Amino acid sequence: MSGPNTISPDPEKRGYHDVRPSSKDDAEYAVGKMDDFEDHEVFKQGAAVEFRTVGWIRASVIMLKVIFATGVLSIPVAMSSLGAVGGALSVIAWGALNTYTAVIQGDFRNNHPGVHSIADMAREVGGVVVKEITGALFIVAYVLCTGSGILGVSIGLNALSHHAACTVWWSFLAYVVVAACASVRKFHQIGWLTWAGFISIFIAVFIVVVAVTLRDRPASAPQTGDFELGYYAIAYPTFASGMVASCTIFVSSAGTSAFLPVISEMRNPRDYRKSLFVCMGIVNAAYLSFSLVVYRWCGSWVASPSLGSAGQTVKMVAYGVGLIGLVVSACLYLHVAAKYCFVRLLRNTHHLQENTLVHWATWLGLTFGLASISFILAEAIPVFNYLLALTGSICFAPIAISLPGWLWIHDHKPWMKGSALQQVAYWLHVALIPLGVFICVGGTYGVVELIIQAYATGLIGTAFSCADNSNSS
């Protein structure tokens, strides 16, 4: 199937991928087009505050850390609902689809000057109303993701301290640290954090993966007598639990809209695809291998997050190693949401790239303000996988499935009456729109249903509870 790198039928909409000089005149035209695109970039090179400093390798690591962490900690739980075959197919299918829709987003961004965020793309195809709806979903998505990160840090601190303090205090400490780290203005400046964060969480998960294979039985299972492992190749979940599991796997690699602000800070936005393919290749391979091993050895006794699946000692080691990764994940989610609002508020003003009082007051107000909302949500929905599934269904289904289909259709209208293959490609992209709507409605119903059941059965206590959320012994 031809992808979104197809040359736009409108020469004025051709982007970086379409500049192929074959003569002196063509080369001069290409230089002129490049200058034109540079003029439309949100962050200008040579300004007082230089944002365009990220190379493609560092960009791939930033993308890795945005995607990798919460997903790998929640997918084994989802597999306990879908079974090994269903879970593995879901990881592969959602990973492939999310990679492809990320290609669509990146190419659309580079083919349309002045586009900085997913909301700007929505404006191109649907006008101001669609832009504002998309922008709101984007902010809510990453505020919820930040909340899941704060919740994960509080679980880790409880595990390391044997619940030495009220959980709310641990969450508040996580909020302060995450907001402070996210207040660093440029992706380039937090690049070293992304390296440290990715390495730490990767090692932490690897420790757990190895440790679960060395146990006679799962740490959460009865330690004496017979027990049912709960491992199934094919499972038969209810609609609600199946949708929650599917949304959990989907959201684990759906945060590709956060890559768009990263492109705006790359020295060469044309290198986006290299960064994307490196990131998603590593992420999907790790998700599939790690989650299958943990589910095979833990079955239905897998912990949420999965770092607690190998017993208290290993849990403390894993959280000790991976805590910085959880902090960095929440930091990046918050940074992305705040950067979107920051650019929206100060775009086309001198405050955007100058160290003025308005510049700093706006930036710090956004980071700490949005972090406060994330903290409240983390305390209101204190179950890790439910918080992630809710994020996937309400927010990422529309902006990571439906909208990319619309973006592709917008740039390929002639394909509707083109060759047979072009028509097939066109209608397959049209099908992404109702698919996103189905995941949004069905997933939200499933999550709400399970949250209600969890409160009724006591799985979730009261909001802002001091109770131990790490199940430490």
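Bear in mind the structure is a predicted one, so any value in this text is a computation, not a measurement.
Just one residue in the list L173, V327, N158, V177 forms a side-chain contact (heavy atoms from CB on, under 4.5 Å) with V153, and that residue is V327. Considering I67, I249, L292, I92 as possible partners of Y287, the one that fulfils the side-chain contact (heavy atoms from CB on, under 4.5 Å) test is I67.
Looking only at side-chain heavy atoms (C-beta outward), L352 and F342 come within less than 4.5 Å of each other. The shortest side-chain heavy-atom distance between L97 and F250 does not fall under the 4.5 Å cut-off.
Annotation for F138 and A258: closest pair CE1-N, 4.3 Å, computed over non-hydrogen atoms. When all heavy atoms of A182 and W363 are compared, the pair lying nearest together is O-CZ2, 3.4 Å.
With T146 contributing its side chain and A371 its backbone, the two residues share no donor-acceptor pair below 3.5 Å. Remark: side-chain polar atoms of S60 are not paired, donor with acceptor, to backbone N or O of C279 under 3.5 angstrom. Of the possible donor and acceptor atoms, one in the side chain of H163 sits under 3.5 Å from a partner among the backbone N and O of A165. Of the possible polar contacts, none joining the Y231 side chain to the A84 backbone as a donor-acceptor pair under 3.5 Å is found. The closest donor-acceptor contact from the side chain of S309 to the backbone of A303 lies under 3.5 Å. R217 contributes a side-chain N or O that, together with a main-chain N or O of P222, makes up a donor-acceptor pair within less than 3.5 Å.
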- Stepwise, does the disulfide (SG to SG under 2.5 Å) test hold for C466 with C166? CA-CA 4 Å; C466 278; C166 172; 1.9 Å; yes

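For the residue pair S241/T238, the side-chain donor-acceptor check at 3.5 Å is satisfied. No hydrogens or angles considered: a donor-acceptor pair under 3.5 Å links the side chains of S372 and Y175. For T367 and S183, the side-chain atoms include at least one donor-acceptor pair closer than 3.5 Å. Side-chain contact annotation: S246 with W94, donor-acceptor N/O pair under 3.5 Å present.
Checked against ring pair (Phe, Tyr, Trp, His ring centres under 6.0 Å), F368 has no partners two or more places apart in sequence or in another chain.
The distance between the ring centers of Y232 and Y295 does not fall below 6.0 angstrom. Between F172 and F464, the gap from one ring centroid to the other reaches at least 6.0 Å.
Here side-chain hydrogen bond (donor to acceptor under 3.5 Å, both in side chains) pairs that include residues 205-216, with residues two or more places apart or in two chains, number zero. Identified under the side-chain hydrogen bond (donor to acceptor under 3.5 Å, both in side chains) test for residues 219-229, with sequence neighbours left out: none.
Salt-bridge formation is not detected for the pair D120/R109: no Lys NZ or Arg NE/NH1/NH2 atom is positioned less than 4.0 Å from an Asp or Glu carboxylate oxygen.
Using a 30° and 60° split on the angle between ring planes, F438 and F239 fall in the perpendicular class, above 60°. Using cut-offs of 30° and 60° for the angle between ring planes, the Y100 and H429 rings count as tilted.
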